[in-house]
**Q** 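I have a structure here, written as structure tokens, and I will follow up with some questions on it.
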2 protein chains.
Amino acid sequence: MNIGEAARGSGLSAKMIRHYEAEGLITPRRLGNGYRDYAEADLAVLRFIRHARALAFPLEDVRRLLALWRDRGRASADVRRIALDHVAALEAKAEAMQAMAHSLRHLAKHCHGDARPDCPILDELEKLP
Amino acid sequence: MNIGEAARGSGLSAKMIRHYEAEGLITPRRLGNGYRDYAEADLAVLRFIRHARALAFPLEDVRRLLALWRDRGRASADVRRIALDHVAALEAKAEAMQAMAHSLRHLAKHCHGDARPDCPILDELEKLP
DNA sequence: ATGGGGCTTCCCATAATGGGAAGGTCAAGC
DNA sequence: GCTTGACCTTCCCATTATGGGAAGCCCCAT
């Protein structure tokens with residue numbers, strides 16, 4: 001299966017499949033003409049990567065998760081730790097963003113939002129410290 | 001005031017101050033020796049940028065907010081729209097992240113997290129579609 | 001054999017930030 | 001006057017994940 005089929009079969013772009021290969025996440029066979037050749041097992045790896053990326057795991061985590069996935073003797077505790085660390089990172093970022101959103105919404109609520117120039121949003125950005 | 005003082009006075013790094021200049025957000029005077037020379041008004045601009053960045057406004061938004069800030073004839077509605085669009089973007093991202101965090105937390109809850117290999121997290125990543 | 005579509009590699013761009021090198025400048029102390 | 005250390009300048013590179021695009025090779029169908 002060449003890279004175009006692998007892309008359609010995995011839901012990833014050919015561009016990203018090559019990138020994941022450059023990052024060492026997958027190493028397809030090469031045909032005599034230089035074309036990449038993907039087996040069904042490779043397709044499963046690509047889908048795994050897509051699912052992991054859909055959950056926003058950084059590639060470094062994906063690399064470790066793939067290693068554990070392939071390791072029949074893995075401890076589920078290792079997988080769990082990676083996942084929970086990632087959850088903590090996600091929640092921290094999400095909360096930071098929502099805090100910013102709340103502040104701004106509050107400021108915007110007190111902004112007339114008309115043709116007049118005075119605006120508490122700008123007042124806040126202008127503040128001293 | 002040279003860039004080091006401006007950095008200490010604004011809470012930004014000298015590196016970023018130069019970057020904001022390259023992006024056209026601020027253009028300090030230059031001394032004969034090539035050194036940048038910041039006036040008090042420049043310092044206010046730098047602080048404005050820091051506050052806006054602390055609320056995660058992208059530099060493009062900061063550029064527009066700065067223009068409005070300087071424009072005595074601005075309409076507060078313009079400021080408000082920029083802010084509320086940004087709030088919407090922040091909330092969308094935050095919600096997406098929290099949805100991922102929730103999924104993963106749910107999966108992790110059903111993972112033994114011990115020495116055994118079976119793990120619903122990997123099962124999920126391995127799933128077909 | 002020719003054309004179209006697919007494949008290859010390589011370079012570039014994104015957004016915001018930092019690290020670091022090579023070299024010029026200034027001020028203090030001797 | 002000279003050295004030293006702190007500061008300044010520009011330029012290049014790296015980060016993360018993704019995509020755009022060029023130049024050139026390959027394969028298959030007409």
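Note on naming: letters A, B, ... go to the chains in the order of the sequence lines (proteins, then strands), and numbering restarts at 1 for each one.
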**Q** Test of understanding: with side-chain hydrogen bond (donor to acceptor under 3.5 Å, both in side chains), list the residues that count as partners of Arg70(B), not counting sequence neighbours.
**A** none

**Q** Between Glu5(B) and Arg8(B), is there a side-chain N and carboxylate O pair less than 4.0 Å apart?
**A** no

**Q** Can you tell me if the side-chain N/O atoms of Asn2(A) get under 4.0 Å from OP1 or OP2 in dG6(C)?
**A** no

**Q** To the closest 0.5 Å, what do you measure between CD1 (Ile49(B)) and CH2 (Trp69(B))?
**A** 9.0 Å

**Q** Who passes side-chain hydrogen bond (donor to acceptor under 3.5 Å, both in side chains) against Glu60(B), sequence neighbours left out?
**A** Arg63(B)

**Q** Within the 4.5 Å heavy-atom criterion, are Glu21(B) and Leu25(B) side-chain neighbours or not?
**A** no

**Q** Below 4.0 angstrom, which residues in residues 49-67 of chain B have at least one non-hydrogen atom near DNA chain D?
**A** none

**Q** Quick check for you: name the first and last nucleotides of DNA chain D, 5' to 3', having an atom under 4.0 Å from a heavy atom of chain A.
**A** dA17(D) to dC27(D)

**Q** Can you list the residues that meet the side chain to side chain contact (heavy atoms under 4.5 Å, CB included) rule with Ala75(A), with sequence neighbours excluded?
**A** Asp78(A)

**Q** My understanding is that only residues two or more places apart in sequence, or in another chain, count here; which of them pass side chain to side chain contact (heavy atoms under 4.5 Å, CB included) with Arg64(B)?
**A** Asp61(B), Ile82(B)

**Q** Atom CD1 of Ile3(A) and atom C1' of dG5(C): how far apart are they, to the nearest Å?
**A** 15 Å

**Q** Checking one residue: Tyr35(B). Which other hydrophobic residues are in its cluster under the side-chain 4.5 Å linking rule?
**A** Leu31(B)

**Q** Quick one: is Ser13(B) getting a side-chain N or O under 4.0 Å of the dG18(C) phosphate, OP1 or OP2?
**A** yes

**Q** Do the charged groups of Glu91(B) and Arg105(A) touch, with an N to O distance under 4.0 Å?
**A** yes

**Q** When you match Gly4(B) and Lys15(B) each to their closest nucleotide on DNA chain D, which lands nearer the 5' end?
**A** Gly4(B)

**Q** Sort and list the pairs that fulfil ring pair (Phe, Tyr, Trp, His ring centres under 6.0 Å) and have at least one residue in residues 70-119 of chain A, not counting sequence neighbours.
**A** Phe57(A)-His86(A), His106(A)-His110(A)

**Q** Between the axis at one end of the helix from dA1(C)-dT30(D) to dC30(C)-dG1(D) and the axis at the other (five pairs apiece), what's the angle to 10 degrees?
**A** 40°

**Q** Only counting residues at least two apart or in another chain, list the ones meeting side chain to side chain contact (heavy atoms under 4.5 Å, CB included) with Met97(A).
**A** Met100(A), Leu90(B), Lys93(B), Ala94(B), Met97(B)

**Q** If I take atom OH from residue Tyr38(B) and atom CG from residue Leu46(B), how far apart are they, to the nearest 0.5 angstrom?
**A** 6.5 Å

**Q** What residues, two or more places apart in sequence or in another chain, satisfy side-chain hydrogen bond (donor to acceptor under 3.5 Å, both in side chains) together with Asp118(A)?
**A** none

**Q** Residues from residues 18-48 of chain B sitting under 4.0 Å of DNA chain D, heavy atoms only?
**A** Arg18(B), Arg30(B), Gly34(B), Tyr35(B), Arg36(B)

